[in-house]
Amino acid sequence: MILLAAKPVVEKRRAELQSKTAELRNALGRPPHLSVILIGEDPASQVYVGRKSSAAIRAGFTSETIGFPKNVSPETVHQKVRELNADPRVDGVLIQRPLPPQMKEKDVALWVDPSKDVDCLHPENIGLLVTGNPRFIPCTPGGIILLLDHYGIPIEGKTVCVIGRSAIVGKPLASMLLSRNASLIQVHRRTPDPAALCRLGDLVFVAAGARGLLKREWLKPGSVVVDVGIHRGMDGRISGDVDTESIAGVPRALTPVPGGVGPMTIQVLLENTFAAASRRS
Ligand code: NAD
């Protein structure tokens with residue numbers, strides 16, 4: 001089984017980005033800048049935000065994290081986002097998910113100016129993506145497609161199964177796979193027999209947020225499996241939505257967790273921030 005590790009892809013793309021950033025700094029008169037908003041003290045979110053900021057700095061950007069307590073009022077955060085939208089030194093604005101219960105996704109998705117929406121969650125950017133004229137690439141789905149392309153795994157003409165339909169992964173991933181001429185099956189919590197549908201997939205993408213959900217009986221032999229899930233065990237070990245022991249010997253390729261989709265997601269975030277800064281220069 002081939003392990004579709006992100007490392008070689010990220011190393012290559014990071015080096016390219018660093019040299020393009022050096023040029024852009026001269027044109028802009030400053031480095032690209034990413035502002036990240038973190039609400040609450042969820043340890044996983046703190047880790048992800050830390051990784052995003054340090055990757056941004058490694059790429060030659062500047063980055064700041066703006067923290068709010070978990071009970072912050074939506075209006076306080078919205079006001080901060082307005083300031084970042086209006087600030088000409090800020091290229092990208094990201095609000096780390098999950099949001100606290102008082103903040104509704106459908107409202108928050110409208111806050112970040114579409115030209116700075118490097119997470120690609122604003123309805124305008126989703127609309128541009130779905131109609132085939134993307135301004136930004138959704139970070140996790142975009143990273144997955146780059147990974148498959150790097151390893152020469154064809155998408156066109158394949159039957160693909162996406163498990164999950166979230167706004168951040170499942171839905172934009174389905175759209176991007178359709179644009180690459182795959183035939184799509186999408187399953188979710190209300191699908192009566194997801195395993196039966198999933199077994200039709202040449203490529204299977206699991207973004208359910210359910211540890212070890214994907215077992216042997218969900219897979220056709222020789223398929224390619226992309227594991228988006230991230231779960232931290234009591235012992236600190238990270239695992240995904242795939243039950244790796246159960247599926248051993250069934251797929252021909254699998255993305256590792258950690259070291260697969262996660263680093264690709266960060267890479268696309270940086271490339272989106274670079275694109276936003278280039279458009280401003
Ligand atoms: P979510 O909870 O918003 O959505 C989960 C989706 O999976 C839902 O549509 C639900 O219907 C479906 N689902 C849940 N259980 C199912 C089941 N038993 N059978 C079929 N469908 C089922 O989650 P999300 O934000 O899309 O994240 C999913 C996972 O991916 C999480 O573990 C998250 O931590 C991880 N994630 C990783 C990255 C990364 O960079 N690697 C990025 C985003 C999310």
Side-chain angles (χ1 to χ4, degrees), residues 1-6 8-10 13 119-121 123 125-210 213-229 240-242 247 250-257 260-265 267-269 271-272:
M1 184 175 66
I2 309 164
L3 267 190
L4 308 174
V9 198
V10 168
R13 297 187 76 90
D119 230 358
C120 197
L121 289 171
N125 289 328
I126 297 290
L128 286 169
L129 176 79
V130 171
T131 52
N133 183 27
R135 178 188 278 138
F136 292 116
I137 307 298
C139 300
T140 301
I144 291 170
I145 305 263
L146 288 177
L147 194 59
L148 294 177
D149 287 348
H150 174 88
Y151 284 96
I153 291 174
I155 299 172
E156 177 152 341
K158 299 297 175 189
T159 300
V160 300
C161 180
V162 176
I163 305 168
R165 56 174 170 182
S166 69
I168 202 152
V169 188
K171 282 182 189 160
L173 176 60
S175 173
M176 291 181 78
L177 292 167
L178 281 174
S179 337
R180 292 287 295 265
N181 300 320
S183 301
L184 179 71
I185 299 168
Q186 192 154 24
V187 304
H188 46 80
R189 231 182 240 114
R190 303 281 183 92
T191 306
D193 187 356
L197 290 172
C198 198
R199 272 197 303 275
L200 301 171
D202 303 309
L203 277 67
V204 173
F205 303 82
V206 57
L213 172 74
L214 195 97
K215 299 200 166 48
R216 195 175 194 90
E217 60 273 19
W218 290 59
L219 291 180
K220 160 161 106 176
S223 50
V224 172
V225 179
V226 174
D227 189 354
V228 183
D241 285 355
V242 172
I247 67 157
V250 182
R252 75 177 167 95
L254 169 69
T255 61
V257 179
V261 176
M264 293 304 305
T265 298
Q267 181 62 27
V268 177
L269 171 69
E271 293 183 17
N272 280 343

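The first residue in the sequence is number 1, and the count goes up from there.
Of the possible polar contacts, one joining the Asp241 side chain to the Ala210 backbone as a donor-acceptor pair under 3.5 Å is found. Between the side chain of Asp227 and the backbone N or O of Val242, at least one donor-acceptor pair lies under 3.5 Å. Under a 3.5 Å cut-off, the side chain of Ser175 and the backbone N or O of Lys171 do not form any donor-acceptor pair. Counting only distance, with no hydrogens or angles, the side chain of Asn272 and the backbone of Ile137 share a donor-acceptor pair below 3.5 Å. A donor-acceptor contact shorter than 3.5 Å is absent between the side chain of Ser223 and the backbone of Pro251.
Scanning both residues, Gly260 and Ala6, for their nearest heavy atoms gives O-CB, 3.2 Å. Across Ile247 and Leu214, no two heavy atoms sit closer than the pair CG2-O, 3.7 Å. Across every non-hydrogen atom of Gly142 and Val268, the tightest pair is C-CG2, 3.9 Å. Nearest heavy-atom pair, Gln186 versus Gly170, reported as atom, atom and distance to 0.1 Å: NE2-O, 3.1 Å.
Inter-residue side-chain proximity for Val225 and Leu254 is flagged as met; some heavy-atom pair is nearer than 4.5 Å.
With respect to Cys161, the side chain to side chain contact (heavy atoms under 4.5 Å, CB included) criterion is satisfied by exactly one of Ile185, Val206, Leu184: Ile185.
Under the rule for a side-chain hydrogen bond (donor to acceptor under 3.5 Å, both in side chains), the partners of Thr265 that lie at least two apart in sequence or sit in another chain are Thr140.
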Distance-only check: which donor-acceptor pairs under 3.5 Å involve side-chain atoms of residues 144-151, not counting sequence neighbours?
from: Asp149; atom 1: OD1; to: Arg180; atom 2: NH2; distance (Å): 2.8
from: Asp149; atom 1: OD2; to: Arg180; atom 2: NH1; distance (Å): 3.1
from: Tyr151; atom 1: OH; to: Ala5; atom 2: N; distance (Å): 3.2
from: Tyr151; atom 1: OH; to: Ala5; atom 2: O; distance (Å): 2.7

